[in-house]
There are 2 protein chains.
Amino acid sequence: MRSNSVQTSSNPTFTESARRTQIMKCAIEVLAESGYSGASLAEIARRAGISKSVVLYYFSGKDDLLSSVVFDVYGRAGQAITEALSHEASPGEKIAAYVRTNLHFLEEHPADIRAVVEIVSNARGSDGTHSFVPQGEDPVLAHFEQLLREGQDGGEFREFDPHHLAIIIRSAIDTASGRLVADPSFDLAAYTRELLSVVELATGIHRSEESS
Amino acid sequence: MRSNSVQTSSNPTFTESARRTQIMKCAIEVLAESGYSGASLAEIARRAGISKSVVLYYFSGKDDLLSSVVFDVYGRAGQAITEALSHEASPGEKIAAYVRTNLHFLEEHPADIRAVVEIVSNARGSDGTHSFVPQGEDPVLAHFEQLLREGQDGGEFREFDPHHLAIIIRSAIDTASGRLVADPSFDLAAYTRELLSVVELATGIHRSEESS
DNA sequence: CTATGATTAGACCATGCGGTCAAACAGTGT
DNA sequence: ACACTGTTTGACCGCATGGTCTAATCATAG
């Protein structure tokens, strides 16, 4: 992954970086609107108003383009989350901030998330196995699981299975992007509120103002 | 949807019903193993040891085949859930049974669920919109939401938003099929246990033996 | 002006797709 | 023997895909 036809390393031309971001942006749009199967190189190029060859001039192939999109979006989302978590002290606050920031990023960049979901859940190698889904250990999930574990070790939380609870909460986060496109009336703010209270109840966090 | 080339109504020949179920079974296998894009008519036919034309002889097209698979699996799953719910009286018990039965069906028929997920999340019409995802109202979700609402109206539950809580819990159910294929060490029984306790906490169900 | 490298368009290609079609095969009643 | 229906095959078609290649364009340095 991550290899270009034109040299990427030293001298990214103005045109090159501009074209790359433009093509990635169009790819995201097409992926979000028409899904994985609708995101052909021809369609992406048409959207960008350029020839199909240009796409393959700046990306070594479709795999490279999709990898770059995933890498870019993951990077930006991860940065936002890391930044948000740094402002919180207690594990309980960190977890709430984690959930809030994830859904906030989705609210501001719905197409980006949809595109990544389309790629991750559909891109497969020639052997038929997923190209982006980590087989053994998912670092994103492991990170969140660690957050839960820290709160539990600090005695702040109730007894629960951090691994499986992490899966449950992350699924609630990940499903939101699908809801957002399927249901125009979906209220993301209300969903965030509900999910946050569920997370509080599920972790059994000790908060003075929350105990009923 | 649901139209065949050969007459389906009155006289389903022995060969016909046998072939149809065989083809659907192979389609499910291929979908579960190789995903939507890997599930070509040629591959399904190869798996069944028959010619591609036979598939199109018993199904009017690929859409018909995939529709039939979704219809079949949904029917069997729905039947199992309805049956399980009929044995429970209180809303709290019904909801627990709902979650348990969903995950139990997944445990016994993982390929069927994977296949349906692949179809539902990937099949799109010529206009690019999803073919199986209901745009406005999802009956599956609405049914579960109604269960939550009944428990709430009965005063058995805490205050929560039934619609959004239904989405959260269903997402936890739906994510399990993906985990099952991505992580061979995934412990579905432990996951079910954890999810059931989260559901209890989230609904705030009043149970004598559960209050801490 | 010219040479050079970056950039672009468009023709082209092999492959795989869903689907059609005519012909052959198998059984069964007459 | 015949016809008839159900069943199966393999050749074939039109189309879209990801990708290659050649030639033309553009900018800029000499």
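For the numbers below, each heavy atom of this structure counts, side chains included, while hydrogens, waters and symmetry mates do not. Each chain gets a letter, A, B and so on, in the order its sequence line appears, and its residues count up from 1.
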Roughly, in whole Å, what's the span from [atom1] in [X] to [atom2] in [N]?
X: A/Tyr36; N: D/dG18; atom1: OH; atom2: P; answer: 9 Å
X: B/Phe14; N: C/dA26; atom1: CZ; atom2: C1'; answer: 16 Å
X: A/Asp64; N: D/dG19; atom1: CG; atom2: P; answer: 10 Å
X: A/Leu65; N: D/dG19; atom1: CG; atom2: C1'; answer: 14 Å
X: A/Arg124; N: D/dG18; atom1: CZ; atom2: C1'; answer: 19 Å
X: B/Leu56; N: D/dT9; atom1: CG; atom2: P; answer: 13 Å
X: A/Tyr58; N: C/dA9; atom1: OH; atom2: C1'; answer: 13 Å
X: A/Phe59; N: D/dG18; atom1: CZ; atom2: P; answer: 15 Å

Any side-chain donor-acceptor pair under 3.5 Å between A/Arg124 and B/Tyr36?
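No, no side-chain donor-acceptor contact under 3.5 Å.
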Any side-chain donor near an acceptor of the partner, B/Arg19 and B/Gln22, under 3.5 Å:
yes
Are the charged groups of A/Arg47 and A/Glu33 less than 4.0 angstrom apart, N to O?
yes
For A/Tyr57 and C/dT8, is the shortest distance between a side-chain N/O and OP1 or OP2 below 4.0 Å?
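The answer is no; no side-chain N or O of A/Tyr57 sits under 4.0 Å from OP1 or OP2.
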If you compare every side-chain N and O of B/Arg19 against the phosphate oxygens of D/dT8 (OP1, OP2), does one of them come in below 4.0 Å?
yes
Taking the side chain as C-beta and beyond, is there a heavy-atom pair between B/Ile167 and A/Arg179 under 4.5 Å?
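Yes, side chains in contact.
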B/Tyr191 vs A/Ile168 side-chain heavy atoms within contact, under 4.5 Å
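Yes - at least one pair of side-chain heavy atoms lies under 4.5 Å apart.
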Parallel, tilted or perpendicular: ring planes of B/His164 versus A/Phe186, cut at 30 and 60 degrees:
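If you compare the ring of B/His164 with that of A/Phe186, the planes turn out perpendicular.
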Could you encode protein contacts along nucleotides 11-17 of chain D as a string, one character per nucleotide from 5' to 3', using B for base contact, S for sugar-phosphate-only contact and - for no contact, with a heavy-atom cut-off of under 4.0 Å?
------S
